Number of protein chains: 2
Amino acid sequence: MLKLSKLTDYAVVVLVRLGDDFALQTSGGIAAATGVPEPTVAKVLKIMTTAGLVCSQRGARGGYRLAKPLSAIPVADVITAIDGPIALTACVEHSPAICDSSALCPVKGRWDRVNSAILDALSGISLADMRPPERDALSVVPMTEASAMPSYHPAGASVSTTAFVE
Amino acid sequence: MLKLSKLTDYAVVVLVRLGDDFALQTSGGIAAATGVPEPTVAKVLKIMTTAGLVCSQRGARGGYRLAKPLSAIPVADVITAIDGPIALTACVEHSPAICDSSALCPVKGRWDRVNSAILDALSGISLADMRPPERDALSVVPMTEASAMPSYHPAGASVSTTAFVE
DNA sequence: TCATTCAGGACCAAGCCAGTCCTGTTTTGG
DNA sequence: CCAAAACAGGACTGGCTTGGTCCTGAATGA
Ligand code: FES
Ligand code: FES
């Protein structure tokens, strides 16, 4: 299954939202603005902080801020931060897993080319390219309450309408 | 997790093996030659047949044969045959899943570019590129018995040495 | 001092994938 | 005509991964 984890999708949404203005934003505020459940936003932002993509300010009036402009963050970095190194198969350079039968395997080392092709493709697209041109409608959402706003669910399926009850 | 299913890895191994000669080869023979468990080989080949990548001949003295040369089979086709259409997220063209909140989603339609970049990369590499230059050592393996040969396990981990006991 | 906010885990349930097996159907060969 | 060989197609199950939640602790500002 060549697909991204749902967390990665969330991360892009959150980061793009962070890029809308450079003021400190709390995880709760971002959750309200994007419709992503607050615990999930917090989890994503923690990972992003560890990866160095965002800066955090602790304590009261704290929050998160982008560490670099959106145009300087390739999509590959976000994926790597959440999913770990991009390794299509177990037998690819920089893969966490090791391969036993590398002496016998007929396709030994041959996936590397495929892997780097994908890596190049993902490194050439930045988060700025993911931002939609019309960013007015979303920025005006008040960060206090967004109860009536439908939540954002990338996976589709059945929308549990009580995703962010508070 | 941006990684391929293990079946896809097997499929490439099996198809490359099929490309070594154009005679009919039984699933059992391929299993013996590659070290992949026989039921798995059969499963992979059935999928490949449905996808039209290999031709099958039923009955006694039957077997499988490549439908087209290795150089005419891009890696993307193998992945699509096993994993379904390449769709990084749920909100990509040709994705089987549907997205509810496409009206609100801030990155609506923005994954398409990433997806096609990957698709292009995978379409530009054929199975012939996956075949190692030295194909002597593998072709001389007799198809009758390969009991002493270590099995091929892409995932690494613990090698159950009794993979193909018979 | 206290409320606020992030840090960093542990934790559980659901979904998915790998691998196996079983029952047909088709063809060859005696 | 019969039996063996080999593919077709599905059902089934165990194990792993992931998504999502929660809890406790540390830092900061009022
Ligand atoms: S999740 Fe469907 S358009 Fe973004
Ligand atoms: S599975 Fe490790 S080299 Fe191919």
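In the text below, chain A, chain B and the rest are named by the order of the sequence lines, each starting its count at 1. Being a predicted model, the structure only gives us computed values, none of them experimental.
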Counting C-beta onward and ignoring hydrogens, is there a side-chain heavy-atom pair between [X] and [Y] closer than 4.5 Å?
{"X": "B:Asp9", "Y": "B:Leu4", "result": "no"}
{"X": "A:Met130", "Y": "B:Val114", "result": "yes"}
{"X": "A:Thr40", "Y": "A:Leu7", "result": "yes"}
{"X": "B:Trp111", "Y": "A:Val12", "result": "yes"}

Side-chain (A:Asp129) to main-chain (A:Ser126) donor-acceptor, under 3.5 angstrom: yes

Steps toward side chain to side chain contact (heavy atoms under 4.5 Å, CB included) verdict (A:Leu18, A:Gln25): CA-CA 7 Å; A:Leu18 262 185; A:Gln25 301 188 43; 3.9 Å; yes

Might you list the N or O atoms of the protein lying below 3.5 Å from N or O atoms in nucleotides 12-19 of chain D, with each pair's distance?
from: D:dG19; atom 1: OP1; to: A:Lys6; atom 2: N; distance (Å): 2.6

Return a table of donor-acceptor pairs under 3.5 angstrom between the side chains of residues 44-54 of chain B and protein atoms on other chains or two or more places apart.
from: B:Thr49; atom 1: OG1; to: B:Leu45; atom 2: O; distance (Å): 2.7
from: B:Thr50; atom 1: OG1; to: B:Lys46; atom 2: O; distance (Å): 2.9

Nearest-angstrom distance from the residue atom CG of B:Asp9 to C1' of C:dG19: 15 Å

Distance in angstrom units between B:Met48 CE and D:dG9 C1', rounded: 16 Å

Closest heavy-atom pair and its distance - A:Ser123, A:Pro74: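 Nearest pair, atom of A:Ser123 first, then A:Pro74: O-CB, 3.5 Å.
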
Grab the N/O contacts between the protein and nucleotides 2-6 of chain C below 3.5 Å, and write none if there aren't any.
from: C:dT4; atom 1: O2; to: A:Ala60; atom 2: N; distance (Å): 3.1
from: C:dT5; atom 1: O4'; to: A:Gly59; atom 2: O; distance (Å): 3.2
from: C:dC6; atom 1: OP1; to: A:Ser27; atom 2: N; distance (Å): 3.2
from: C:dC6; atom 1: OP2; to: A:Ser27; atom 2: OG; distance (Å): 3.2

